[in-house]
Amino acid sequence: MRVKRLAILLSGRGSNFEAIASNIRSGRLDAEIAVVVSNRPDARGLETARELGITAVSLPSKGVSREEYDTLLADEVERHTADLVCLAGFMRLLSPHFVRRFPLRILNIHPSLLPSFPGLDAQHQAVEHGVKVSGCTVHFVDEYLDAGPIVGQAAVPVLDGDDADTLSARILAEEHRIYSEAIRLILGGEWSIEGRRVVAGRSTGLDSA
Ligand code: GAR
């Protein structure tokens with residue numbers, strides 16, 4: 001069976017991308033990164049990709065309409081024959097047009113226990129709200145913000161002395177772990193969707209597509 005191909009979309013630092021790349025290198029995740037695409041030409045993640053010898057594409061979104069941009073982006077992903085699109089700090093809402101081109105083939109990582117604190121600055125939202133537990137979520141991307149079926153989650157405590165930065169660091173360590181686990185599950189194909197629930201162990205996933 002051929003190795004499954006990932007397209008990683010990012011906008012900044014790219015630490016989740018690095019964690020995925022490192023898990024692939026060490027054999028913990030059986031996949032290859034076909035391309036890293038960023039809407040921000042100055043994204044650190046693009047530079048890291050180049051250093052790692054991974055195809056890195058800068059696709060600036062500035063001044064391009066959403067529909068036009070999402071067509072360009074989807075074409076780029078298809079050009080690299082990606083099996084799965086992984087949003088890793090990609091700070092743009094994808095249009096229904098993009099999402100429909102890759103049904104159940106786009107994952108996102110979000111730094112909260114969804115459905116709590118969707119949107120921007122989730123860690124800040126959690127601290128401000130006063131929750132005692134937060135965490136991160138890997139979910140399928142649908143047409144709505146941070147709303148698709150949940151593939152994996154991890155919880156971390158929110159400590160009394162936390163600010164958004166200290167909480168972010170604790171959550172990020174868990175993000176790096178669960179994103180690769182979620183990708184492994186989805187690429188393995190042994191899962192199905194029942195209602196909103198992603199259920200492991202029944203095969204109607206990627207392999208059957
Ligand atoms: C991560 O914390 C990720 O969960 C978050 O951006 C950060 C990217 O870090 N994503 C979102 O907030 C999406 N709504 P990274 O560039 O180091 O992977």
Side-chain angles (χ1 to χ4, degrees), residues 6-25 29 31 33 35-52 54 56-61 66 69-70 73 84-95 98-99 106-129 131 133-158 162-183 186:
L6 307 179
I8 309 258
L9 310 190
L10 52 77
S11 302
R13 182 178 51 185
S15 74
N16 274 290
F17 150 58
E18 282 186 66
I20 293 164
S22 155
N23 282 326
I24 290 174
R25 253 195 327 274
L29 179 61
I33 298 175
V35 66
V36 172
V37 185
S38 178
N39 60 320
R40 306 265 312 254
D42 58 347
R44 170 84 187 96
L46 277 182
E47 221 174 292
T48 308
R50 290 186 197 108
E51 283 161 18
L52 293 173
I54 294 169
V57 175
S58 167
L59 199 59
S61 46
R66 183 168 299 278
Y69 186 79
D70 281 6
L73 188 60
L84 191 62
V85 179
C86 299
L87 311 188
F90 187 66
M91 305 311 263
R92 256 183 85 85
L93 195 58
L94 290 168
S95 63
F98 184 95
V99 174
I106 312 170
L107 294 180
N108 180 42
I109 184 133
H110 183 76
S112 74
L113 292 175
L114 290 171
S116 289
F117 312 127
L120 289 177
D121 297 324
Q123 305 94 328
H124 180 74
Q125 292 185 55
V127 170
E128 287 296 299
H129 195 90
V131 293
V133 176
S134 191
C136 49
T137 303
V138 179
H139 64 94
F140 281 111
V141 173
D142 65 11
E143 302 182 5
Y144 304 97
L145 177 67
D146 299 330
I150 290 170
V151 181
Q153 289 186 306
V156 306
V158 182
D162 269 339
D163 58 22
D165 289 340
T166 55
L167 179 60
S168 296
R170 195 173 309 117
I171 292 174
L172 195 63
E174 291 301 297
E175 293 186 36
H176 293 167
R177 184 176 63 77
I178 70 165
Y179 210 171
S180 290
E181 285 176 5
I183 292 169
I186 298 308

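Whatever order the structure lists them in is the order used to number ligands and atoms, beginning at 1. Not measured: the values here are computed from a predicted model.
An N or O contact shorter than 3.5 Å is missing between Asp146 and ligand 1 by distance. Considering backbone and side-chain N/O atoms, Asn108 never comes within less than 3.5 Å of an N/O atom of ligand 1. The shortest N or O to N or O distance between Gly14 and ligand 1 is below 3.5 Å.
Each of Leu9, Val57, Leu59, Leu46 was checked for a side chain to side chain contact (heavy atoms under 4.5 Å, CB included) with Ser38, and the lone residue meeting it is Leu46.
For Glu47 and Arg44, the salt-bridge test passes: some basic side-chain N is under 4.0 Å from an acidic carboxylate O.
Looking at Gln153, its side chain never comes within 3.5 Å of a backbone N or O of Ser112 through a donor-acceptor pair.
With Tyr69 as the aromatic partner, Arg92 meets the cation-pi criteria of under 6.0 angstrom to the ring centre and within 45 degrees of the ring axis.
Protein heavy atom closest to atom 6 (O) of ligand 1, with residue, atom name and distance, is Gly89 CA, 3.8 Å. In terms of protein heavy-atom proximity, atom 15 (P) of ligand 1 is closest to Ser15 N, 3.4 Å. When hydrogens are left out, the protein atom nearest atom 12 (O) of ligand 1 is Pro111 CD, 3.4 Å; that is the closest non-hydrogen contact. Here the heavy atom of the protein found nearest to atom 10 (N) of ligand 1 is Ile109 O, 3.7 Å. In terms of protein heavy-atom proximity, atom 14 (N) of ligand 1 is nearest to His110 ND1, 3.2 Å. The protein heavy atom nearest to atom 1 (C) of ligand 1 is Glu175 OE1, 3.2 Å.
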Candidate pair Thr166 and Asp163, rule side-chain hydrogen bond (donor to acceptor under 3.5 Å, both in side chains), full reasoning
CA-CA 6 Å; Thr166 55; Asp163 58 22; 3.3 Å; yes
Just do the side-chain contact (heavy atoms from CB on, under 4.5 Å) check on Val141 and Phe98 with the steps written out, would you? CA-CA 10 Å; Val141 173; Phe98 184 95; over 6 Å; no
Review point. Given Glu174 and Arg177, is the salt bridge (Lys or Arg N to Asp or Glu O under 4.0 Å) satisfied, shown in steps?
Key: CA-CA 5 Å; Glu174 291 301 297; Arg177 184 176 63 77; 2.6 Å; yes
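Between atom CZ of residue Phe90 and atom CG of residue Asn16 there is a gap of 14.5 Å, rounded to the nearest 0.5 Å.
Every atom of ligand 1 is numbered from 1 in the order shown, and the set under 4.0 Å from a heavy atom of Met91 is 11 (C), 12 (O), 13 (C).
Looking at Arg13, Arg44, Gln123, it is Arg13 that brings a heavy atom closest to atom 7 (C) of ligand 1.
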